[in-house]
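One structure is given below, encoded as structure tokens.
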Amino acid sequence: MSETHGRATLPQPRGPVSTIVRDALLRPPHDLPAVPDLTGDGPLTDDDLQLTLFLCYELHYRGWHGVDDGWEWQPSLLALRAAAERPFEAAIRALVGPPPAVSPQQLPAALHEVTTAGDGPSLAGFLRGRGTLAQFREFVAHRSVYHLREADPHTWGLPRLGGPAKAALVEIQMDEYGNGQLHRMHAELFRTTMGRLGLDTRYGAHLDAVPAITLAGNNAMSLFGLHRRWRGALLGHLAALEMTSSLPNRRYGDALRRLGGDETATRFFDEHVEADAVHEQIALHDLCGGLVSQEPELTADVLLGASAALALDDLFAAHLLDSWAAGRSSLRNAASRPAGPLRVTVPGVPAAKTKVAS
Amino acid sequence: MTAACPWQGTVEPEDHGTAAPAAATITPYPDGPLVVRGDFALTTPDGRQIDARRRTVALCRCGKSTMIPFCDATHKAIGFRAGNPPDPAAPA
């Protein structure tokens, strides 16, 4: 597989457990040694814990350069992952609190309520109004961990569903994957935006730069996607993403236009304004509504997944805005940030002769 | 034959797999857009085709979208209320 589309390059370790796991992955599959306790405080911002989870989960996606695929189902690694998931799950539950008791019939209204009650920080509003090009690049570097594999975590749900929820998930995912056309796949639109911003577009290229909270948002999707028992939360998570996407993506697109981005650069965001206005309706009524019409006992899990998506995104936004307010980079290794102007294609001029915006 | 899943549509579930589906369906979603699925063409009043860009589209119902005829979720920002569509099962 090419570096562009995966595998990912192994990131540097961030503590004792991720060091043990990373070192082990570079050798043929074998039983791991005993590892230090993983139940420390603050799992959502614990770099060692979140990177350990990410190292384990990526084995189920496109894998790591130089790592034997046999590690995916190595029992001692799965046991370590389970030990890391316990405090992570507990932290997610503590973050969102118990979901309100609602009936399956009340679920659409309850999802509407949680996705519009948002009192979280507005990253999109900040970037549209006064974000700098450097800050926009940071935002895109963080988001690339997800968007270069956009939709993949929720696709884990397909074989776990039947009936109306499955049909709805297929309808959404078809659009996410560009109806099978590479140049329309959302992950590829994002790659184009990254290229315009002068960012490294390889799969997983920014893993070393992103902090624990960015990994935590991605790990939550993998947790929900890889465990069948979490299928309700997985669909709720997707619904929350879709229901809070159109309006912010308009602002992100506006931000990039203000900073000099051309139509090609902003296409990813512009596409999501329109696509997610469709997906929102499908996700709310057909996907989540369809699921609880078949499995009403999953109603609370759907709400938990939606609330987790929103709460983790609020923590992520707060990290970026707080970092910038303090005059710091929101990335771990700011030295790797690109500088220079945006790349802009001038209509009618061959790509080799593109000029840069001033 | 196989039919599109009629869960949201006009075909009753017990007819699944036997009734011929419509070429296209138009579904008013609660307080939201009209979602169009199936074999359809979007055109301007003078007959020029509008690129739908996806198989399922959401058409603006609140009138405030910035991307007419498509929905851009502005209906939520303005608190659009559409009322309930008639219940097909209710007696006339």
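Rounding to the nearest 0.5 Å gives a distance of 11.5 Å between CG of Asp270(A) and CG of Asp72(B).
Within 6.0 Å of CD in Gln106(A) there are more than 12 heavy atoms belonging to other residues, nucleotides or ligands. For Arg184(A), the CZ atom is densely surrounded, since the number of other residues' heavy atoms within 6.0 Å is greater than 12. In this structure, Arg48(B) places its CZ atom where only 12 or fewer heavy-atom neighbours from other residues, nucleotides or ligands lie under 6.0 Å away.
Listed options Thr56(B), Val35(B), Asp31(B) were ranked by heavy-atom pairs under 4.5 angstrom with chain A; first place goes to Thr56(B). Of the listed residues (Leu284(A), Val273(A), Asp276(A), Asn249(A)), the one with the most heavy-atom contacts under 4.5 Å to chain B is Val273(A).
Legend: salt bridge (Lys or Arg N to Asp or Glu O under 4.0 Å) pairs involving residues 170-179 of chain A, not counting sequence neighbours, sorted by first then second residue: Glu171(A)-Arg37(B), Asp175(A)-Arg54(B).
Within the 3.5 Å criterion, the main-chain N or O of Thr116(A) finds no donor-acceptor partner in the side chain of Lys76(B).
Taking each heavy atom of Ala277(A) and Ala58(B) in turn, the nearest pair found is O-CB, 4.2 Å. Closest approach of Gly32(B) to Gln281(A), counting heavy atoms only: CA-NE2, 4.3 Å.
Neither the backbone nor the side chain of Ala168(A) comes within contact range of chain B; no heavy atoms are under 4.5 Å apart.
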side-chain contact (heavy atoms from CB on, under 4.5 Å) evaluation trace for Tyr29(B) with Asp286(A)
CA-CA 10 Å; Tyr29(B) 275 67; Asp286(A) 305 71; 2.7 Å; yes
Identify all side-chain donor-acceptor contacts of residues 108-115 of chain A below 3.5 Å with residues at least two apart in sequence or on another chain.
{"unit_1": "Thr115(A)", "atom_1": "OG1", "unit_2": "Leu111(A)", "atom_2": "O", "d": "2.8"}
{"unit_1": "Thr115(A)", "atom_1": "OG1", "unit_2": "His112(A)", "atom_2": "O", "d": "3.2"}

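Residues of residues 59-69 of chain B having a heavy atom under 4.5 Å from any heavy atom of chain A, listed by number: Thr66(B), Met67(B).
Scanning for salt bridge (Lys or Arg N to Asp or Glu O under 4.0 Å) contacts around Arg53(B) gives Glu274(A), with sequence neighbours left out.
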